[in-house]
Student: 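Handing you a structure now.
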Amino acid sequence: MSAMPSKDHAAGHEAYDVVVVGAGFAGMYMLHRLRGQGLKVRVYEQGGDVGGTWYWNRYPGARCDVESMQYSYSFSDELQQEWTWSERYAPQPEILKYANHVADRFNLRGDIQLDTRVDRAAFDEAASTWQVTTSDGNTVTAKFVVLATGCLSNARMPHIRGLSDFRGKVYHTGHWPHERIDFTGQRVGVIGTGSSAIQSVPVIAEQARHLTVFQRTANFSIPARNAELTAEEREAFRSNYPEIRRFAREEARNGIYAEMPDRGALDDGDNARRAKYEQRWDRGGLTFMLAYNNLLLDKAANDSAASFVKEKIAEIVRDPETAKRLQPDDHPIGSKRICVDTDYYATFNRPNVTLVDIKSDPIEAITPNAVRAGAKDYEIDALVLATGFDAMTGSVAKIDIVGRAGRTLNQKWAEGPKTYLGLMSEGFPNLFIITGPGSPSVLSNMIVSIEQHVDWITEAIAFMRERDLGAMEATKEAEDRWVAHVNDVAQMTLYPQANSWYMGANIPGKPRIFMPYIGGVGVYRRICNEVAAKGYEGFVMSAAERVERMAAS
Ligand code: NAP
């Protein structure tokens with residue numbers, strides 16, 4: 001493959017080797033790696049700055065639920081040695097500052113066009129290039145397109161009668177304003193009790209005159225035990241980073257360096273099991289689910305962990321009715337993304353906080369000054385929608401992606417996303433997806449999975465350039481086998497038992513398919529590496545020469 005000219009003279013469009021959609025952690029690292037190969041790259045970002053999900057999710061209390069010493073890039077040792085995280089779980093402003101630091105340190109900004117949405121990407125079969133149309137009305141061409149659009153970046157507004165009539169301010173946690181919002185003296189309503197609500201509720205409760213939380217489904221949450229990091233704690237990571245990062249990539253299922261369980265929950269007696277749960281509860285964080293190795297495989301084992309957390313809720317929350325409502329009863333613990341909180345359950349002991357069960361008394365309407373549920377009006381001045389995202393596929397679906405023979409990706413994915421390795425979809429040559437459905441993605445430390453995908457894509461493009469190949473595409477057979485495998489592995493676990501966003505169950509009409517690959521990041525990485533080592537088995541690569549002949553005919 002020869003270096004691309006800067007103009008596609010036939011059409012008069014600017015021509016790039018690669019267009020990357022999104023300048024979050026995935027898009028920025030993708031740009032860095034591709035530029036390292038001497039490629040001409042353009043990144044389009046619809047936000048006003050870099051940072052992706054951390055640019056949009058500015059709600060009070062927003063912070064990472066993976067420890068920051070691990071939720072950070074590993075590709076540059078200088079970066080990981082010199083950056084100083086202040087807390088165990090960094091707050092959103094600090095993560096955004098880190099994203100900006102990376103953009104500056106690696107001089108990325110020049111190739112990132114902000115405030116620009118990609119509206120359309122259409123594959124030109126004759127020229128074997130993508131035509132990419134952006135919200136500024138421009139069209140460019142690119143040999144490759146990489147979707148770095150993020151999994152939780154498409155905030156979902158619920159359809160609730162009367163919402164547009166509400167006279168107060170309405171905020172969505174996933175699309176929070178840039179200016180500081182102060183709820184002091186206000187009556188605030190929060191709809192939703194997922195991770196975003198669980199983080200924001202304790203902070204809003206401290207400001208608001210009164211906070212009413214509207215809960216449809218109770219969620220399991222584990223205390224974060226957030227604290228300032230000491231110099232010694234930072235140093236423990238920095239001096240052991242090679243091993244910590246290796247373990248997270250190759251051995252951990254979820255991309256997190258942690259003590260791994262060696263036994264099942266029912267292998268221990270009641271006292272030993274309780275002691276182990278206590279120890280994990282005291283340590284805090286997502287790794288509670290690593291107390292035993294079968295918590296997401298065996299319902300009885302899972303029940304033992306769920307009962308432990310429910311007992312904790314009953315111990316923390318003074319009013320027995322409220323405690324009961326906060327105890328989840330409709331899904332195995334961990335089968336929905338487990339939440340990590342600071343004082344969430346204790347917040348319901350405050351006199352200015354009310355929990356309303358909207359499962360038994362659904363919201364009937366929003367009136368100009370209240371949420372009406374169970375024939376009662378809960379008067380509020382401001383409404384916070386913590387109602388989540390059209391996850392994993394939502395941001396991709398917003399782009400009109402047209403592949404071979406005019407078939408769109410939305411048509412192809414109408415019954416659920418189909419990919420080979422989560423990286424490519426048959427019929428859409430040279431279109432890569434970072435942390436897409438069919439890969440470990442949201443079940444893992446996202447930065448570990450992002451770096452793996454970016455490295456794999458970089459190497460695939462290098463492989464093609466070295467051999468003068470023009471197009472790479474997943475075969476239907478390989479894709480069908482992978483989709484079946486992703487599904488088979490999911491069915492071996494308790495995950496499909498929950499109505500979760502992993503299943504698309506939070507979006508009315510969305511096909512119910514378990515989207516991420518649950519085999520674990522280590523196993524998945526080995527599969528991807530083997531595929532590459534076998535000359536990209538399951539993909540077809542066509543010669544550039546043939547493409548050129550086709551273009552000429
Ligand atoms: P979510 O987990 O999808 O929760 C949405 C909440 O809104 C649920 O309680 C849902 O109830 C409720 N809801 C949705 N539509 C509703 C409606 N029409 N009426 C009433 N209630 C409604 O969304 P999220 O809290 O934004 O979290 C999404 C994911 O983002 C998390 O699972 C996590 O992976 C990630 N996240 C991470 C962090 C972090 O790193 N710390 C923080 C925030 C988010 P049902 O359950 O009944 O549908």
Side-chain angles (χ1 to χ4, degrees), residues 25 52-54 56-68 70-71 87-92 95 150-163 171-176 189-201 203 213-222 224 226 254 256 284-286 326 328-331 334-342 344 355-366 371-373 383-392 394 435 441-447 498-508 510 515-516:
F25 283 99
T53 197
W54 298 105
W56 299 107
N57 284 267
R58 297 162 180 259
Y59 57 85
R63 60 178 72 243
C64 194
D65 62 2
V66 174
E67 295 184 31
S68 294
Q70 301 207 49
Y71 188 89
E87 294 175 58
R88 184 176 175 195
Y89 302 95
Q92 173 271 338
I95 304 174
C151 295
L152 294 162
S153 46
N154 194 25
R156 177 181 163 256
M157 291 297 282
H159 299 292
I160 304 178
R161 195 158 64 89
L163 185 55
Y171 306 96
H172 193 294
T173 47
H175 209 127
W176 201 260
V190 172
I191 299 181
T193 48
S195 298
S196 303
I198 281 175
Q199 287 189 327
S200 55
V201 157
V203 182
V213 180
F214 297 91
Q215 170 186 278
R216 192 164 63 185
T217 311
N219 260 309
F220 290 99
S221 188
I222 307 296
N226 188 37
N254 59 5
I256 299 176
L286 289 178
L326 287 166
D329 62 1
D330 74 334
H331 63 280
S335 60
K336 282 185 166 187
R337 169 74 167 212
I338 201 156
C339 304
V340 173
D341 71 277
T342 299
Y344 176 65
L355 180 69
V356 176
D357 174 6
I358 53 167
K359 186 162 262 169
S360 45
D361 290 322
I363 295 177
E364 292 146 36
I366 312 273
V371 175
R372 183 171 297 156
L383 180 61
V384 174
L385 301 170
T387 45
F389 303 87
D390 184 357
M392 299 203 78
T435 62
S441 182
V442 290
L443 296 177
S444 67
N445 175 352
M446 286 300 280
I447 305 217
N499 287 325
S500 65
W501 56 258
Y502 296 140
M503 296 286 293
N506 63 329
I507 304 294
K510 191 166 173 172
M515 293 186 283

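Because the structure is predicted, anything quoted here is derived from the model rather than measured. Just follow the structure's listing: the first ligand is 1, and inside any ligand the first atom is 1.
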Student: Look at the side chain of Asn219 and the backbone N and O of Thr193, then say whether any donor-acceptor pair between them is shorter than 3.5 Å.
Tutor: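 Yes, Asn219 side chain to Thr193 backbone: donor-acceptor pair under 3.5 Å.
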Student: Should the pair Trp176 and Tyr59 be assigned to parallel (<30°), tilted (30 to 60°) or perpendicular (>60°) ring geometry?
Tutor: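 Trp176 and Tyr59: perpendicular rings.
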Student: Tell me the residues surrounding ligand 1, counting only those with a heavy atom closer than 4.0 angstrom, sorted by chain and number.
Tutor: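 Its neighbours under 4.0 Å (heavy atoms only) are Tyr59, Arg63, Cys64, Asp65, Leu152, Arg156, Pro158, Ile191, Gly192, Thr193, Gly194, Ser195, Ser196, Gln199, Arg216, Thr217, Lys336, Arg337, Ile358, Ala386, Thr387, Gly388, Phe389, Trp501, given by chain and number.
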Student: Answer yes or no: is there a donor N or O on one side and an acceptor on the other, between the side chain of Gln199 and the main chain of Arg63, under 3.5 Å?
Tutor: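 Indeed, once roles are kept as given, a pair shorter than 3.5 Å links the two residues.
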Student: Would you say Asp341 and Ser221 are linked by a side-chain donor-acceptor pair, where the criterion is simply a distance under 3.5 Å?
Tutor: yes
Student: How long is the straight-line distance from NZ of Lys336 back to CZ of Phe220, given to the nearest 0.5 Å?
Tutor: 10.5 Å
Student: Would you give the length of the straight line joining atom CG of Asn254 to atom CG of Asn445, rounded to the nearest 0.5 angstrom?
Tutor: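 Those atoms lie 8.0 Å apart.
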